[in-house]
Amino acid sequence: MFHQPVDIETALRLRGERPDATVVNGCTDVSVARNHGMLHPREVIDLSRIASLKTIEHDGDNLLIGAGATFAQLGKCHLKALREAALSVAGPAIRNQGTIGGNLVTASPAGDGCVALLAMGGDVELASAARGSRWVDVRAFFLGYRKTELAGDELVTRVRVPYNPVTRWYKIGKRGAVNISLVCAAVARRTDGSFGLAYGCVGPIPLFAPKAERVLARGPLTDALIAEAADVVESEVAPIDDHRGSADYRRAMCRTLTTRLLADIAKNGDQGDADAFSAGAAA
Amino acid sequence: MPSALAPLPDDIPLTRITCTINGEQVVADAPVDCTLLTFLRDIVGLTGTKGACLEGECGSCTVLIDGKPVTSCLMLAGQVNGRTITTVEGLADGDALDVIQEKFVETGAAQCGYCTPGLIMSARALLNDNPSISESELLTALEGNICRCTGYASIVEAVRRAHRELKS
């Protein structure tokens, strides 16, 4: 059976009734597993026809992103880190397919979108037909290597992030495009002055750095404080050696990226996070 | 590595797909887990679209859905139900080549030719979207397509020439 619900209620009912069905939206990660012979779905719930999952809205304080918003859509978002992370994913064709909800559920340590969300902070809406919806802090969503808080009968429906953080993003990889992160980092200064620091490919899940964030909370954002935070970040990440790069290199790059991105915020502030809300035009 | 073109497990249920491919309505059954790439090549018989990496690294399987480029190896055939698909076979009008194809011939932008259909479809999507683009937009539009023969200079030049011709 190939289900193509056009509304979220039907999708949630199907998810509850068909625990063995494979849920897809952009389907890019599921297709790779399928092409490698690891998965041959016999029943599919395709979420790509649900228009309400694709919207990006603004409620004043928050940006509400439908789980089916594609990286192409997020590539027009006003939040610099989220926009640049989205545009660093694969190439234009895959950015038309892959979605932020899929990025979260796949929960790869290299999930660029996840890293941007972790830095900004926010919540993920999980919904089921049986229990309605609940909001989970994005920082509590990733439980372990490709394990998340999502229950078997739930779907990710929306992501809520603060509307006005000052954000920065950088990805290190081997190519300029179609580039899986070797290390990536996102930083955010929220409107209350607190900082978010997040990193990809330096642990089993996308990581954030609460101890370094507490260092930065002492403020103001001087070179000395940035250096102290970057030191702490090195002790908070847990990279491994693999074919893309060594653990030592990744740890060193976490320090470098933290320093550079924070220094850029200290110097240039919100330059780059456009004032005008442009995400709505992206749908 | 098992191939997307290898035989599928034979107990996968079928799903009925109705879509428009290159202007013609197609109604066909495909296994639930069949990719769009396999559907186009093995069920519909349009072998212009190529499969290579089968994991989204190369872009050789690029086709257009409702005018937008997608990698056909990374989606399921059932997902195109009701959609309009354009493959490289849909560009020429009889013997009259599409301007992008013409310029690929003119600049000699194919060596082994395996990446060519995907590159042409990425370029087609770009020029469909916006006839007036910058050099960096042009390069970004092609960034998801690898040419293993490294013939990028003549490929990019072909797309530049097609762009100039469409703009004038």
Side-chain angles (χ1 to χ4, degrees), chain A residues 1-6 18 20-50 68 70-73 75 86-99 102 106 108 110 173-180, chain B residues 1-6 8-9 11-17 30-38 51 53-59 61-83 118 121-122 125-126 129 137 139-146:
Chain A
M1 280 293 289
F2 202 99
H3 307 280
Q4 291 195 298
V6 295
R18 313 274 179 174
D20 295 330
T22 302
V23 177
V24 303
N25 195 328
C27 201
T28 53
D29 285 323
V30 167
S31 295
V32 172
R34 178 245 172 263
N35 288 344
H36 285 206
M38 296 185 285
L39 180 71
H40 282 289
R42 285 166 168 73
E43 184 165 17
V44 171
I45 303 171
D46 174 21
L47 306 179
S48 67
R49 302 304 168 92
I50 304 175
T70 62
F71 291 110
Q73 283 176 268
L87 292 175
S88 81
V89 171
I94 291 174
R95 292 198 288 273
N96 283 331
Q97 297 167 269
T99 65
T106 293
S108 162
K174 305 244 174 185
R175 295 178 59 197
V178 196
N179 188 9
I180 294 179
Chain B
M1 186 178 75
S3 160
L5 309 178
L8 296 158
D11 60 340
I12 304 264
L14 298 177
T15 185
R16 170 68 45 97
I17 296 160
V32 162
D33 82 330
C34 179
T35 61
L36 176 58
L37 173 67
T38 301
C53 75
L54 309 178
E55 53 184 24
E57 300 277 355
C58 77
C61 67
T62 305
V63 301
L64 308 190
I65 296 184
D66 300 330
K68 287 188 175 173
V70 298
T71 47
S72 62
C73 80
L74 292 192
M75 62 186 295
L76 298 175
Q79 295 188 281
V80 302
N81 213 0
R83 300 270 202 234
M121 297 317 289
S122 288
L126 170 75
D129 265 3
E137 286 171 317
L139 295 176
T140 299
L142 304 181
E143 74 183 10
N145 295 81
I146 286 177

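Protein chains get the first letters and strands the later ones, always in sequence-line order, with residue 1 at the start of each.
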Indicate yes or no: at least one non-hydrogen side-chain atom of A:D46 is less than 4.5 angstrom from one of B:L76. no
Looking at B:T71, is its backbone amide N or carbonyl O close enough to the side chain of A:Q97 to form a donor-acceptor pair, meaning the two atoms are under 3.5 Å apart? yes
Measure across A:P92 and B:E143 and return the closest heavy-atom pair with its distance rounded to 0.1 Å. CD-CG, 3.7 Å
Could you go step by step and tell me if A:F2 and B:Q79 meet the side chain to side chain contact (heavy atoms under 4.5 Å, CB included) rule? CA-CA 9 Å; A:F2 202 99; B:Q79 295 188 281; 3.8 Å; yes
Who wins among A:A33, A:G91, A:C27, A:G98 for the most heavy-atom pairs under 4.5 Å with chain B? A:C27
Might you point out which heavy atoms bring B:E57 and A:R175 nearest each other, and give the distance in Å? O-NH1, 4.2 Å
If you tally heavy-atom pairs under 4.5 Å against chain A, which of B:N81, B:L64, B:L14, B:L126 wins? B:N81
Is a side-chain N or O of A:N96 found less than 3.5 angstrom from the main chain of B:V70, in a donor-acceptor match? no
Smallest separation among heavy atoms of A:V178 and B:G56, with atom names: CG1-O, 3.6 Å
If every non-hydrogen atom of A:S31 is compared with every non-hydrogen atom of B:C73, which pair is closest and at what distance? CB-O, 3.7 Å
Distance-minimising heavy-atom pair for A:R95 and B:T140: NH2-CG2, 3.9 Å
Kindly indicate, with the supporting measurements, whether the criterion side chain to side chain contact (heavy atoms under 4.5 Å, CB included) is fulfilled by B:V32 and A:R42. CA-CA 6 Å; B:V32 162; A:R42 285 166 168 73; 5.8 Å; no
Go through it in stages, so that I can follow the logic: the residues are B:T35 and A:R34, the test is side chain to side chain contact (heavy atoms under 4.5 Å, CB included), and I'd like the CA-CA distance, side-chain angles, deciding distance and then a yes or no. CA-CA 9 Å; B:T35 61; A:R34 178 245 172 263; 3.7 Å; yes
Any chance you could measure A:D29, atom CG, to B:E55, atom CD, to the nearest 0.5 Å? 11.5 Å
Mind ranking B:S122, B:G144, B:G78 by heavy-atom pairs under 4.5 Å with chain A and telling me who comes out on top? B:G78
